[in-house]
Structures are given as structure tokens and as C-alpha cells.
There are 2 protein chains.
Amino acid sequence: MTDTARGTSRRYGTRPTMKDVAARAGVGLKTVSRVVNGEPGVTPDTERRVQEAITALGFRRNDSARILRKGRTASIGLVLEDLADPFYGPLNRAVEEVARSHGALLINGSSAEDPSREQELVLALCARRVDGLVIIPAADDHRYLEPEITAGIATVFVDRPAGRIDADAVLSDNFGGARDAVAHLIAHGHRRIGFIGDQPRIHTARERLRGYRAAMAAAGLPIDDSWVSLGSTAPDRVRAAATTMLDAPEPVTALFAGNNRVTVTAVRVLGERPRPVALVGFDDFELADLVRPAITVVAQDPAHMGRTAAGLLFRRLDGIEDPPRRTEIPTRLIARGSGEIPPAED
Amino acid sequence: MTDTARGTSRRYGTRPTMKDVAARAGVGLKTVSRVVNGEPGVTPDTERRVQEAITALGFRRNDSARILRKGRTASIGLVLEDLADPFYGPLNRAVEEVARSHGALLINGSSAEDPSREQELVLALCARRVDGLVIIPAADDHRYLEPEITAGIATVFVDRPAGRIDADAVLSDNFGGARDAVAHLIAHGHRRIGFIGDQPRIHTARERLRGYRAAMAAAGLPIDDSWVSLGSTAPDRVRAAATTMLDAPEPVTALFAGNNRVTVTAVRVLGERPRPVALVGFDDFELADLVRPAITVVAQDPAHMGRTAAGLLFRRLDGIEDPPRRTEIPTRLIARGSGEIPPAED
DNA sequence: CTGAAAGCGCTTACAG
DNA sequence: CTGAAAGCGCTTACAG
């Protein structure tokens, strides 16, 4: 295995092919293919000669060629919003584990919450002929995918449903979770509760708002328009929204934060204020129990969502043909302290 | 665009090819190729006919075939330890951004810190003929990659160097950062400082231990063997190690945590103890400033590491041929409170 | 047990 | 401006 030995058999930048292996071993192309793929019907002696040629030449099968011929690429695409968002980490890993267990590679990309970037990325994955797609959608119109789905690319949406097409979706119980969170605050004596959520064009934001409204209505509580603020989750925007609600003549005594990024900023804002304010966040996060007070949350189960979505995708690839289904993953309220703070005296 | 209209032109599961488009448009294959790839030399009228056929048939170029012919796949592989580890999120995103800016897709996989799984994954990516690889290595022997690198697959290691081969690497200043952390504790009066780190076979763990020793030596302080504990970062192991050091007859008065997972467990353990213990952690994390006391850390810059590594990879792909280099990214000590706690009175 | 021929869907190199 | 032929590196279908 000296450099010279390698140098004689291969130029930099070119790779040996099965044809080269066949020539060196003195056999036909098909015999090499059999050995490389572990197919039966090769005598031990022939196999050994082929293996020797493979090692000597440093041959590695070119899967691009194999894929072209076989039709299936043994790869799936995962499109999410942001590879760096901790919420998607466990989901990403779960999808990868399922892919791996099916012998498939995972092509990953993020949409940055931009519908046109989502479409560009998804269509690039389709051009690569991934076998299937797991999509956390940014767009609200997925009709551009119809020809691809018709052509056989399996597609499962996660976290948010597809827009304007009928497709499999794996969602959290956003409505029920939000309702539970707000009911929890009401049970602890709050009547003026603020909701700071994500942009209203995002399905989860709308569902969580619906849950907030349902809980308030169930308790016979009115909602002042100034208690609801949907928009960007950028810290400045969230900070401004929280401050407005807390500095009003009749301030809210509790906040319901619509997702993990809102919660983190809310924790910072509340930490700077003299009077304690109750807080329940949607989404759990790693150090929620270490902050004082510890943060009460409605936890989703992103790993469960990822496993479910990828599992469904591979069942579709195995040919299951029943109509698209919507699966809902339950959420769980975890009381840790911040959600049990009583309303401040007026 | 009714179902019937689509149904007549395409069966489920088969896709139109350039040949189909050519036939329908009444032109040659090469003309379709020109239109699809935006090459010049097609009259507007011909182009229109081809575009119509493309739309009518729902044609999308099969990049598998293109890749086979062109040689380059316009994709790179990223192998990391765990897709769900928040430390790798920003690195992952940075690599994706660079890939995207070069028109390449990102194939992602995790090694689970298992050398044989790393090798299996890397070689699968090589079989796919990714143009290049960014690897956070789990293995300590990468000679298995030599034939692939010789054959032209560019490879850059991040966070940890390659083992037994000469390859590009982008690393944090682990030694200097650890030295700074421990010197900081010494400057605040500590003489008995514990170090809880990752498994000693991991390069970063060894380098950080070296920094710890250097800082102690520079201050003329002895190190008791019982103050150093390298091993798994599982919470149970870290908890046991910390408890042993803190319950010793001459307990440590400060802890230096060797990475983000160790730090998080250390925070939990210290929060349960009566007397305050100083803590500095290697790696920053999102809520480090919200815990009380806020956590002093040596921050790495994983986004910078990812950008640097991917940038170098694409320069290699552009043909830069200088010898492999090792780039070191500086760390930064961020004092927030936990590292400035004085030693407890004996 | 073994291998020659055809073909996957494109691009390349070339000719008109 | 346009297109027929060859070929990328495999697998498939078939024959011996």
C-alpha cells in the first residue's frame, strides 16, 4: 500500500470502474457486478480474483450509475425551517434514524421560512429523484408538488399541513396544547392573559391562538385585542409586544408564549420586571427547569413527530396506498413554577 | 390542469424524459437539452415549442443521469456526531449556507460517536460520489479515506483533526480556551479546581485537559488525580464525578466543565448543594445568562467553524492545491457570574 | 457458473 | 441554429 503502488494503478481524479476490475481480474463485467453486490453464483476462486482486483485498484461502486439504472435512489429529503433551531434537532435525528434503518441517506436543507426557497429546494430534491420527502412547510401552496407526487415521490408534511393539496401530515395537537396552557393559567386565578405568537400565516400560530381563545371562552373571560400579538419571533418584536401588554393601564398578569423562541425572550423580559408575572411556554427546552422560576411548558415531542413522519413515508414507499392521513401527536403540560404564579395584586 | 389532462400524458410512477419532450415538440434531443439548461443557440420559436412540451408533460430533468455524465454531483456530505446536539446546529447551518451559495446540496448523517458507523457513512457518501466531505470525526484512524481523497473527493475535518492521515482541519483553540478558563478561576482565588471532561480518546477532551494542566502549572498549583475525571458525558457519570470531587475531605472549590453537556449537568448538581461552587463551562449555550448565577463560559464559534470548513472545502474543489492546513478558531471567555464566585471558606 | 448486449437519461463532441 | 451518435458506469434480461 505504498504511494508508488497506488500511483501506478490510478491517476489523481479518475476512478477505476467495474470494467477496469473485470479486465484486471480477467472476467466479465457481470461477474464483477455479482461480486460487488454479493449475488450468488460465483465460484470462490473467481470471487477471490475479483476481490483482489477491487482492492488493488481501490474500486468503489459508483452509486450514481446504479441509481440511474435501478430507478430508486435510496435517499430521502428533509426540508425544515432552520437547521440550527434546537426544536428541529430531535426531529432531524429521528428522521435520520428511520432513513438509516431503511438503508437510505438523508439530504437536508432549510427553507429559512421563505416559500420560494422551500420550493426551489424541494424541486432540486425532486430533480435528484429522492424517493421521498419529509417537509416542514414554509409555503402555503404546494400545488407545485402535484406532478412530483403523481410521478411517485412520496411526501409527508410535519409540524404544519400542506397547503392546497391533499397530503399526509404529522402535527402536534397545537389547539389542545394551547387550550391546556391557558386553562392552567386561568385555574391559577388569571383573567387577563397575553398571547405572543408567531406570524399568523403559520398554521401552528393560528391553531395555538384558537386554543387560547377557546380556553378564555370556556371560562367566560373576555379577550382584549391588546392581549394578542402575532408576528415575528425576533427578540425585539417579542420584547416590545410583552412590554406593551405589561405596561398597559390594566396589564396582563400572565403570558402564554407561542413557541420556544418567544418563551426565551419572554423569560428575559420578565426577569427584568419588579413584579412576578406568570408564564407558560409552548415547546419544552433543555434548561427550562434550571431558570428561576422554572418554566412551565406545553411540551411537544419532536422526536416522536420525526419518527412518525419518516415511518409513514417508508410505508408509502413500500406501496401502502390508502388516502392521505393526518396524524396528531399529543402534547403534555409540564408544571414547573412559572405557570403557577398567582396574579399580582392590582 | 385537470386530473384527466394529466392522466392522459403520464402514468403514475413513470416520468417523461427529454426524449419524450423532444418527440412531442418535434425537435432533437440536444435542442431540448439546450432549452432545459438555458444554453444559447435556440430560436425563440423553437424554445417556445419545447417549453410547451415540458409543461404539458410535467418534465423535470433527472439529475441522476446528468451527474453520471458530468462527473460532479454538486453535493457535499456532512458527517457529525449527533444531529440533535445544539452545539452542531449552527455549524450545520453554516455548512448548508456555504453549500447553497455554491449550488450544492447537503447530505447529512450522524456517526453517534461510533468509528465504524462513521466509516460506513463516509464510504456510502463516497459511493454517491459527493464532491466533498466535511467530517466531525468519531474515528481516530482515517486511512480508509486515502483512496477516496486520491480519487479526488475533497475532505475537511472540523472540531477534531483527522487520524493518521494528513488532511485539512478547522479546530477551536481548545488548549488556549481551557487554559483561559482555569486561569480565570485561579485569578478568583481557587486552588483546588476540578475538571470533568469527555472521553480521553476524543481530541478536544485531551486538549482541554492539557489547557487545564498548563494553567495550574503556570500558577504553581499541584493537581490531585482525584480532581480530573474524563469519560462519558452521560448525566449519571458526570453527576457521580462532580459529587465525588465536592464531597472529598478537601473538596474542589471550583469546577471546569469540559463541554456543554457536562456543564448542564454540573449546573443541576451545583444547584442542589448548600454552598456555592464556582463553575466555568467550555461551550456557550442559549440560556447560560438566565440561570442564577449566570454561567461563565469559554465560547466557541461553531458557525464560524462551519463557514471556514465549508469555504476551504469549496476552494479545494476549485482546484487550490497547497498542502493540508490546520486552522484554529479562537475562543472567548464570557464572564457571567458563576466563574467569579470566590472559594468557600474551609 | 459466466458473460455479451442493451439500456437507464442525460451531456459531450462533432457534423451539418 | 439544429441534431445524430457515442458514452458516463452501472444493472437487466437473456443466452450459453
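Heavy atoms only: backbone and side chains are in, while hydrogens, waters and symmetry mates are out. Residue numbers begin at 1 in each chain, while the letters A, B, ... track the order of the sequences.
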Using whole Å, what does the distance between atom [atom2] of nucleotide [N] and atom [atom1] of [X] come to?
| X | N | atom1 | atom2 | answer |
| --- | --- | --- | --- | --- |
| A/Arg129 | C/dC10 | CZ | C1' | 11 Å |
| B/Glu39 | C/dC10 | CD | C1' | 12 Å |
| B/Asp20 | C/dG7 | CG | C1' | 15 Å |
| A/Asp63 | D/dT11 | CG | C1' | 12 Å |
| A/Lys70 | D/dG9 | NZ | P | 19 Å |
| A/Leu68 | C/dT11 | CG | C1' | 12 Å |
| A/Ile67 | C/dG9 | CD1 | C1' | 14 Å |
| B/Met18 | C/dG7 | CE | P | 20 Å |

With respect to the side chain of [X], which nucleotide from [options] is positioned closest?
| X | options | answer |
| --- | --- | --- |
| B/Val27 | D/dC10, D/dG3, D/dG9 | D/dG3 |
| B/Ala65 | D/dT12, D/dG9, C/dC10 | C/dC10 |
| B/Asn62 | C/dG9, D/dT12, D/dC10 | C/dG9 |
| B/Thr31 | D/dG3, C/dC10, C/dG9 | D/dG3 |
| A/Arg61 | D/dC10, D/dC14, C/dC10 | D/dC10 |

Taking only residues two or more places apart in sequence or in another chain, which ones pass salt bridge (charged side-chain N to carboxylate O under 4.0 Å, His left out) with A/Glu39?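 If we apply the salt bridge (charged side-chain N to carboxylate O under 4.0 Å, His left out) test to A/Glu39, skipping adjacent residues, the hits are A/Lys30.
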
Kindly write out the residues that satisfy salt bridge (charged side-chain N to carboxylate O under 4.0 Å, His left out) with A/Asp20, not counting sequence neighbours, or none if the list is empty.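 For A/Asp20, no residue satisfies salt bridge (charged side-chain N to carboxylate O under 4.0 Å, His left out) once neighbours in sequence are set aside.
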
Does [X] have a side-chain nitrogen or oxygen under 4.0 Å from the phosphate oxygens OP1 or OP2 of [N]?
| X | N | answer |
| --- | --- | --- |
| A/Asn37 | D/dT11 | yes |
| A/Thr46 | C/dC1 | no |
| B/Ser33 | C/dC10 | no |
| A/Lys19 | D/dG9 | no |
| A/Thr43 | C/dT2 | yes |
| A/Lys30 | C/dA4 | no |

Counterpart base for C/dG16, defined by Watson-Crick or G-U wobble contacts under 3.5 Å: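 Per the H-bond distance test, D/dC1.
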
With salt bridge (charged side-chain N to carboxylate O under 4.0 Å, His left out) as the test, would you mind laying out the steps for A/Glu97 and A/Arg93 before giving the verdict? CA-CA 6 Å; A/Glu97 287 298 336; A/Arg93 175 167 60 182; over 6 Å; no

Base of [N] paired with side chain of [X] (donor-acceptor, under 3.5 Å):
| X | N | value |
| --- | --- | --- |
| A/Arg69 | C/dG7 | yes |
| B/Arg34 | D/dG3 | yes |
| B/Arg15 | C/dG9 | no |

For B/Arg15 and A/Glu148, what are the C-alpha separation, side-chain angles and deciding distance, and is it a side-chain contact (heavy atoms from CB on, under 4.5 Å)? CA-CA 9 Å; B/Arg15 305 200 63 139; A/Glu148 310 300 329; 2.8 Å; yes

Would you call B/Asp140-B/Arg201 a salt bridge at under 4.0 Å N-O?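 Here B/Asp140 does not pair with B/Arg201 in a salt bridge, since their nearest N and O are not under 4.0 Å apart.
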
May I ask you to decide if B/Glu113's main-chain N or O and B/Glu81's side chain share a donor-acceptor pair within less than 3.5 Å?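 No; zero donor-acceptor contacts below 3.5 Å.
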
